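Values below: all heavy atoms of this structure, side chains included; hydrogens, waters and symmetry mates excluded. Predicted model, so just to flag it, every value in this text is computed and none were measured.
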Amino acid sequence: MALFDHKLAEEITALVLQRYRSLGHALGATTLAEEAAAETAFQHNLNLLIEVANGRHMRNEIMLRRIELALEQLLDLLLGNALQSKAVFPEDFWQSEIGILVSRTRWWLSAEDLITISNAAALAFGQNNQANRMRIARAIDNGLLDWVPDPSVANPQQNRRVLRSQVERLRDLSRLPELGD
């Protein structure tokens, strides 16, 4: 039995269309034709993410690129803002159906690149200790690192995973020389 179905796609689409209509109304620029076109492309990508989260696709380079793009577009629609600044997911997002869909899709895309907070602390700062784990937690809270919950770990304080590539970028940024050195 599939974890997600077309009802979730309809619910997410309704939320995005509601936001689209409010922005269009504020700008005085909505038409039914524009809404129909936006819904078709969006729903196609959303249905693709649902299929991945339900385990219906095998990983290959082409599919990885398609899913990454579809996920990026979904997250931009859900969290994007006019200032193009990065928004952080609210904590309860990951318990919602949309959050679970995003989490399962991210795991499908990046399972080998997701690491624990302890591993991230050791990678970024050379040592896995409480202070460095707190530094990683602050980087997550400040939006410097994206995280997804590990569905195999029930404890919410131990199920956060971050992308190794982002931790390596953070490590490299922290090694930049100070100005005037």
Side-chain angles (χ1 to χ4, degrees), residues 1-23 26 38-39 41-57 59 64-121 124 133-167 169-170:
M1 182 173 153
L3 183 61
F4 303 103
D5 60 17
H6 70 281
K7 287 179 69 175
L8 179 60
E10 291 171 1
E11 291 171 13
I12 296 170
T13 301
L15 291 171
V16 170
L17 277 175
Q18 180 181 2
R19 178 73 176 141
Y20 173 80
R21 285 181 183 128
S22 68
L23 289 172
E39 182 177 342
F42 177 69
Q43 279 201 309
H44 172 74
N45 282 342
L46 191 52
N47 286 325
L48 187 59
L49 295 177
I50 287 172
E51 289 171 2
V52 165
N54 285 332
R56 293 192 183 130
H57 288 284
R59 291 170 51 97
L64 284 169
R65 281 182 290 219
R66 284 182 64 200
I67 300 305
E68 184 69 43
L69 182 60
L71 181 61
E72 182 180 309
Q73 290 173 350
L74 171 67
L75 296 177
D76 183 53
L77 285 170
L78 294 175
L79 295 173
N81 58 64
L83 298 175
Q84 301 296 313
S85 61
K86 188 170 175 92
V88 179
F89 288 111
E91 193 70 32
D92 60 347
F93 171 78
W94 299 109
Q95 282 73 47
S96 71
E97 282 189 297
I98 299 170
I100 295 167
L101 172 70
V102 168
S103 175
R104 290 178 63 96
T105 304
R106 176 52 61 199
W107 274 92
W108 186 88
L109 284 167
S110 308
E112 65 277 351
D113 195 36
L114 292 168
I115 59 175
T116 65
I117 301 300
S118 296
N119 288 343
R133 288 190 299 273
M134 292 301 293
R135 290 171 75 185
I136 294 295
R138 281 192 303 277
I140 291 170
D141 293 341
N142 292 329
L144 296 173
L145 295 174
D146 295 327
W147 72 277
V148 293
D150 182 343
S152 68
V153 179
N155 184 339
Q157 293 186 345
Q158 297 176 350
N159 74 350
R160 287 183 172 194
R161 301 296 182 263
V162 293
L163 291 166
R164 176 186 309 274
S165 56
Q166 289 183 348
V167 173
R169 186 193 76 230
L170 182 69

Rounded to the nearest 0.5 Å, what separates atom [atom1] in [X] from atom [atom2] in [Y]?
{"X": "Leu114", "Y": "Asn119", "atom1": "CG", "atom2": "CG", "value": "11.5 Å"}
{"X": "Leu145", "Y": "Arg135", "atom1": "CG", "atom2": "CZ", "value": "12.0 Å"}
{"X": "Leu74", "Y": "Leu48", "atom1": "CG", "atom2": "CG", "value": "11.5 Å"}
{"X": "Arg160", "Y": "Ile117", "atom1": "CZ", "atom2": "CD1", "value": "6.5 Å"}
{"X": "Asp146", "Y": "Ser165", "atom1": "CG", "atom2": "OG", "value": "9.0 Å"}
{"X": "Ile12", "Y": "Ile50", "atom1": "CD1", "atom2": "CD1", "value": "6.0 Å"}

Revision key, fill the gap. Exactly one of Gln73, Glu72, Arg66 clears side chain to side chain donor-acceptor pair (under 3.5 Å) with Asn45, and that residue is Gln73

Taking [X] for its side chain and [Y] for its backbone only, find out whether a donor-acceptor pair lies under 3.5 Å.
{"X": "Trp107", "Y": "Pro149", "result": "yes"}
{"X": "Thr105", "Y": "Leu101", "result": "yes"}
{"X": "Asp5", "Y": "Lys7", "result": "yes"}
{"X": "Arg56", "Y": "Glu51", "result": "no"}
{"X": "Asp113", "Y": "Leu163", "result": "no"}

**Study point:** Name of the residue among Ile98, Asn54, Val52 meeting side-chain contact (heavy atoms from CB on, under 4.5 Å) with Phe4
**Key:**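 Of the listed options, the one satisfying the test is Asn54.
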
Review point. Do you know which two heavy atoms are closest between Gln166 and Leu144, and how far apart they sit?
Key: OE1-O, 4.5 Å

Exercise for review: Considering non-hydrogen atoms only, spot the tightest contact between Leu71 and Leu49 and give its length.
Suggested key: N-CD2, 3.9 Å

Kindly indicate whether the side chain of [X], heavy atoms from C-beta on, has any atom under 4.5 Å from the side chain of [Y].
{"X": "Glu11", "Y": "Glu97", "value": "yes"}
{"X": "Arg161", "Y": "Thr116", "value": "yes"}
{"X": "Leu64", "Y": "Trp108", "value": "yes"}
{"X": "Phe93", "Y": "Val102", "value": "yes"}

Practice item. Tell me, yes or no, whether the heavy-atom count around Arg133 atom CZ, taken from other residues, nucleotides or ligands under 6.0 Å, exceeds 12. Key: yes

Review point. For atom CD of Gln18, is the number of surrounding heavy atoms from other residues, nucleotides or ligands below 6.0 Å larger than 12?
Key: no

